[in-house]
Amino acid sequence: MNIVLGISGGIAAYKAPDLVRRLREHGAEVQIVMTSSAEEFVTETALQAVSGRPIRSNLWDKDAEAAMSHIELARWADVVLIAPATAEVMARIVSGGAPDLLTTICLASEAPLVLAPAMNHVMWSNPATQSNRAVLEERGVHILGPGIGSQACGETGAGRMLEPNAIAAAVASLAGGKLEGAMKGRKVVITAGPTREPIDPVRYITNRSSGKMGYAIAQAAAVQGAEVVVISGPVNIAVPAGVEVQAVQTAEEMHEATLAAVADADIFIAAAAVADYRPAQVAGQKIKKNNEQMSIELVRCPDILATVAALDVAPFTVGFAAETEKVTDYARGKLEKKRLDMIVANRVGSDCGFDSDDNAATVLWNDGEKRFPTTSKTDLARDIIELVAQRFYAVRGSDTEPRLTVISNSD
Ligand code: PMT
C-alpha cells in the first residue's frame with residue numbers, strides 16, 4: 001500500500017516518526033508531505049531516515065516535481081493520511097483551498113482521505129471545527145479520533161492524536177476505498193456517564209462518572225468501523241467522530257433509549273454508572289429545611305444490563321463492574337448472575353476509575369480472562385474493543401450476519 005502521510009503543524013507531529021515505522025511494519029510505502037509549520041515540530045532528517053524517501057514540502061520545488069509531480073504523487077497514493085491534522089488543515093480541506101503541497105494533493109487525489117485530528121480540546125469542540133468535521137464526514141473522509149486525555153497545553157479533554165499503532169492499524173485495514181475495521185458492518189450500542197435521579201426541581205442523586213471510559217470505548221469501536229450509538233448520561237465530552245449520541249438524564253430514560261437502540265445491535269457495552277436506586281417520590285417544589293432530620297425513600301431502578309442480556313435475541317453483551325474490593329471475584333459473580341458474554345472489571349475509588357484519564361481493568365468471560373495494566377482510557381478502550389471483537393467472532397462465528405442487515409432483510 002502506498003501512503004501519502006501529511007504532517008501538519010501541531011505538537012503531536014513529534015509522534016510522526018513512530019507512526020511511519022508502524023505504517024511500514026504493516027508493509028506500507030510511506031511518502032511524507034510536511035506543511036511548513038510541521039517543520040517547527042519534527043525534523044526532515046528524522047522523517048527521511050524512518051521513511052527511506054526524500055521529504056516533500058514545497059509545491060514549487062522544481063527538482064522534486066521533476067522526479068514525481070504533485071499530480072503523480074496524488075495518483076500514486078492508495079491512501080492519503082494526515083496525522084496530526086490541525087484545525088487549520090481541516091478548514092482548508094473543507095474550503096477546497098490548495099495553497100500548499102499537502103492540500104493540493106488532497107484536492108487532486110481520488111484515494112481515501114484519513115485524518116487524525118490533534119489540537120487543544122477547546123479548539124476541537126469549537127463549533128467551527130465541529131462543523132468542518134461534520135462536512136468532512138459527509139464527504140466520506142475518515143476521521144480517526146481524537147482521543148481524550150491530558151494535552152500538551154496542560155489541559156484535559158478531547159483533542160489528543162490517537163496513538164501511532166491505533167492509526168496504523170486502522171489505515172492498514174483500508175481496502176477498496178473503505179475502512180474495513182474488525183467491527184465493520186456491526187452496530188454497537190454503548191451506555192456511558194452517570195445518571196441523575198431527581199429529588200426535587202433543584203436536587204438529584206448522581207455519582208462521579210465523567211463518561212470518559214464509555215466515550216473512549218465508543219471512539220475505539222468507531223475506529224474499528226462499527227456504527228456506534230452512545231446512550232449518554234450528562235457529561236461534558238465532545239462527541240467522537242462517527243458516533244451518534246442520545247442524551248438522557250435518568251436510569252429510566254437510559255433504560256428506554258437503550259432497549260430501543262439494541263433492537264438491531266450486534267454488541268452492547270454497558271460502561272455507564274447507572275443509579276441502582278432513585279427517590280420514590282420527586283417533590284414538585286424545592287424541599288424546605290424544616291426538620292432536623294429527613295429521609296428519602298429509594299426504590300430500585302431498572303437494571304439495563306441485566307434486561308438486555310435476558311432479551312430473547314440478545315446482542316453480544318458486555319458489562320462493566322466497578323468495585324472497591326475483591327474486584328475480579330465480584331465481577332465474575334456479575335458475569336454469571338446476569339449471564340453476560342464478557343465483563344470489564346475495574347477498581348474504583350477516590351483516586352482511580354472515575355473521572356481520571358487512566359484506568360486498569362481485567363476482562364473476564366466464561367472460560368478466560370485478560371488483564372490490562374494502567375494506561376490511558378483511550379488505549380485501554382482500544383485493547384478492550386479488540387478483545388470484544390475477537391470474542392464476538394469466536395462465540396457467534398465469523399460469518400454471523402450483522403443484525404441490521406437481518407432486520408432490514410425481513411422487512
Ligand atoms: O465515566 P468515567 O469517569 O470514565 O468512569 C468509568 C467507570 C468507572 C464509570 C466505568 O469504567 C465503569 O466501571 N462503569 C460501570 C459502573 C457501574 O455502575 O458498575 P456496577 O458494578 O455498579 O454495575 C455493573 C454493570 O451493570 C455496569 O455495566 C452498569 O452499567 C450496569 N448497570 C448497573 C445498574 C443499573 N441500574 N443498570 C445497569 O445497566
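We count ligands from 1, going down the list as the structure has it; atoms in each ligand are counted the same way.
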[atom]: which of [options] has the nearest heavy atom?
atom	options	result
atom 17 (C) of ligand 1	Ala381, Ala270, Ala321, Ala272	Ala272
atom 7 (C) of ligand 1	Ile304, Ile217, Asp357, Asn346	Asn346
atom 36 (N) of ligand 1	Gly193, Pro302, Gly233, Ala251	Pro302
atom 34 (C) of ligand 1	Thr258, Val308, Asp276, Asp358	Asp276

Does the side chain of [Y] come within less than 4.5 Å of [X]'s, by heavy atoms?
X	Y	value
Ile93	Ile82	yes
Leu144	Leu115	no
Met90	Arg133	yes

Would you mind running through ligand 1 and noting each atom that sits below 4.0 Å from a heavy atom of [X]?
X	value
Lys377	2 (P), 3 (O), 4 (O), 5 (O)
Ala271	9 (C), 10 (C), 12 (C), 14 (N), 15 (C)
Lys212	1 (O), 2 (P), 4 (O)
Lys338	26 (O)

Item to check | Shortest protein contact, atom 35 (C) of ligand 1 (heavy atom only) | outcome: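 That would be Val274 CB, 3.4 Å.
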
Checklist entry - Identify the closest protein heavy atom to atom 5 (O) of ligand 1: which residue and atom is it, and at what distance? => result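 Looking only at protein heavy atoms, the one closest to atom 5 (O) of ligand 1 is Gly353 O, 3.6 Å.
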
[X] with [Y]: basic N within carboxylate O range, under 4.0 Å:
X	Y	value
Asp266	Arg396	no
Arg92	Asp100	yes
Lys377	Asp357	no

Item to check | Partner residues of Arg339 under the side chain to side chain contact (heavy atoms under 4.5 Å, CB included) criterion, sequence neighbours left out | outcome: none

Item to check | Which segment of Lys334 sits under 4.0 Å of ligand 1 when only heavy atoms are counted | outcome: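 Near ligand 1, Lys334 shows its side chain, while the N, CA, C and O stay back.
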
Item to check | Side chain, backbone, both or neither: Val344 near ligand 1, heavy atoms under 4.0 Å | outcome: neither

Checklist entry - Are Phe392 and Phe316 close enough that their ring centers fall under 6.0 Å? => result yes

